[in-house]
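Please read these numbers as outputs of a predicted model, since none were measured by experiment.
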Amino acid sequence: MELFINKYDKLIKEKSSCEIKYKSDIPEKFLDPIMYTPIDTAIEIPDVKEIVDKYMIYNHLVFTHTNPFTNKSLTTEELEEYNKKPAVLERLKRFKLEFDEWKLNNKIKL
């Protein structure tokens, strides 16, 4: 049992040493407003123009076909079509650039 515990502790340390660490908490504007996790793949919600994580909103839409902020009807097809608009693509591009810049400036160098 002790061997197992030691091996498990070693794996946890290795995993945590591989994770990227930052000097401070990630700003709220870069966190998904549904789950408060860092946004990996940004997508914008219609009507409210809220940027969320694509995985989170798609997961939400599997169970309920509604905008989580307005409760209006929303499908994945409508979401994808909305996110093809040039103005939306520009906002998503700006979001990604800002988040990438923040990560670069705040990454702890080991």
Side-chain angles (χ1 to χ4, degrees):
M1 184 68 152
E2 189 175 325
L3 182 62
F4 172 77
I5 292 171
N6 289 338
K7 187 172 184 172
Y8 188 74
D9 285 344
K10 182 180 176 188
L11 288 172
I12 290 173
K13 286 178 186 176
E14 286 175 5
K15 179 170 177 18
S16 64
S17 68
C18 294
E19 291 176 1
I20 297 172
K21 296 181 176 35
Y22 299 106
K23 297 175 192 172
S24 64
D25 289 338
I26 297 173
E28 195 171 314
K29 71 179 185 175
F30 301 127
L31 298 177
D32 177 82
I34 298 170
M35 295 297 292
Y36 290 99
T37 55
I39 294 174
D40 186 42
T41 305
I43 193 164
E44 190 175 278
I45 304 290
D47 297 329
V48 294
K49 295 183 180 177
E50 185 77 41
I51 294 177
V52 300
D53 185 75
K54 186 176 183 177
Y55 172 79
M56 295 300 174
I57 189 61
Y58 275 58
N59 187 48
H60 169 81
L61 292 175
V62 165
F63 298 103
T64 174
H65 300 287
T66 61
N67 179 325
F69 301 98
T70 65
N71 274 341
K72 291 182 181 177
S73 177
L74 180 64
T75 66
T76 54
E77 293 80 15
E78 292 168 332
L79 184 63
E80 288 173 8
E81 194 61 35
Y82 174 79
N83 277 269
K84 291 178 183 176
K85 295 180 178 182
V88 176
L89 290 171
E90 184 59 36
R91 286 192 293 274
L92 293 173
K93 180 180 176 183
R94 190 173 344 113
F95 174 88
K96 183 174 178 2
L97 288 172
E98 288 176 10
F99 195 16
D100 287 346
E101 182 179 352
W102 182 89
K103 288 190 259 186
L104 182 65
N105 292 333
N106 289 277
K107 183 177 177 182
I108 295 176
K109 293 169 180 50
L110 300 174

Can you find a heavy atom in the side chain of P33 that is under 4.5 Å from one in the side chain of E50? yes
So which of I45, I57, L79 actually passes side-chain contact (heavy atoms from CB on, under 4.5 Å) with N67? I45
Please say yes or no: joined through hydrophobic side-chain contacts below 4.5 Å, possibly via intermediate residues, are I43 and F95 part of one cluster? no
Evaluate the side-chain contact (heavy atoms from CB on, under 4.5 Å) criterion for residues Y55 and D32: first the C-alpha distance (whole Å), next the side-chain angles of each, then the deciding distance (0.1 Å), finally the verdict. CA-CA 10 Å; Y55 172 79; D32 177 82; over 6 Å; no
Does atom NZ of K49 have more than 12 heavy-atom neighbours from other groups under 6.0 Å away? no
What about V48 and I51, same hydrophobic cluster or not, with Ile/Leu/Val/Met/Phe/Trp/Tyr joined at side-chain heavy-atom distances under 4.5 Å? no
With a 4.5 Å cut-off on side-chain heavy atoms, are T75 and L61 touching? no
Residues D47, K72; criterion side-chain contact (heavy atoms from CB on, under 4.5 Å); working and verdict: CA-CA 9 Å; D47 297 329; K72 291 182 181 177; 3.7 Å; yes
Checking side-chain contact (heavy atoms from CB on, under 4.5 Å) for the pair N83/K54: CA distance, chi angles, key distance, verdict? CA-CA 11 Å; N83 277 269; K54 186 176 183 177; over 6 Å; no
Which pair of non-hydrogen atoms, one from I34 and one from P68, has the smallest distance, and what is that distance? CD1-CG, 4.0 Å
Does the side chain of H60 come within less than 4.5 Å of T66's, by heavy atoms? yes
Cluster check M35, L31: I/L/V/M/F/W/Y, side chain < 4.5 angstrom: no
Roughly how far, to the nearest 0.5 Å, is the NZ atom of K103 from the NZ atom of K96? 6.5 Å
Flag yes if Y82 and L89 sit in one hydrophobic cluster, no otherwise; membership is Ile, Leu, Val, Met, Phe, Trp, Tyr, and two members link when side-chain heavy atoms are under 4.5 Å apart. no
Find out if a path of hydrophobic residues (ILVMFWY) with successive side-chain heavy-atom gaps under 4.5 Å connects F30 to V88. yes
Please determine whether side-chain contact (heavy atoms from CB on, under 4.5 Å) holds for the pair Y58 and T41, giving the CA-CA distance in whole Å, both sets of side-chain angles, and the decisive distance to 0.1 Å. CA-CA 11 Å; Y58 275 58; T41 305; over 6 Å; no
Smallest heavy-atom separation, I26 atom then P38 atom, equals CD1-CG, 3.6 Å
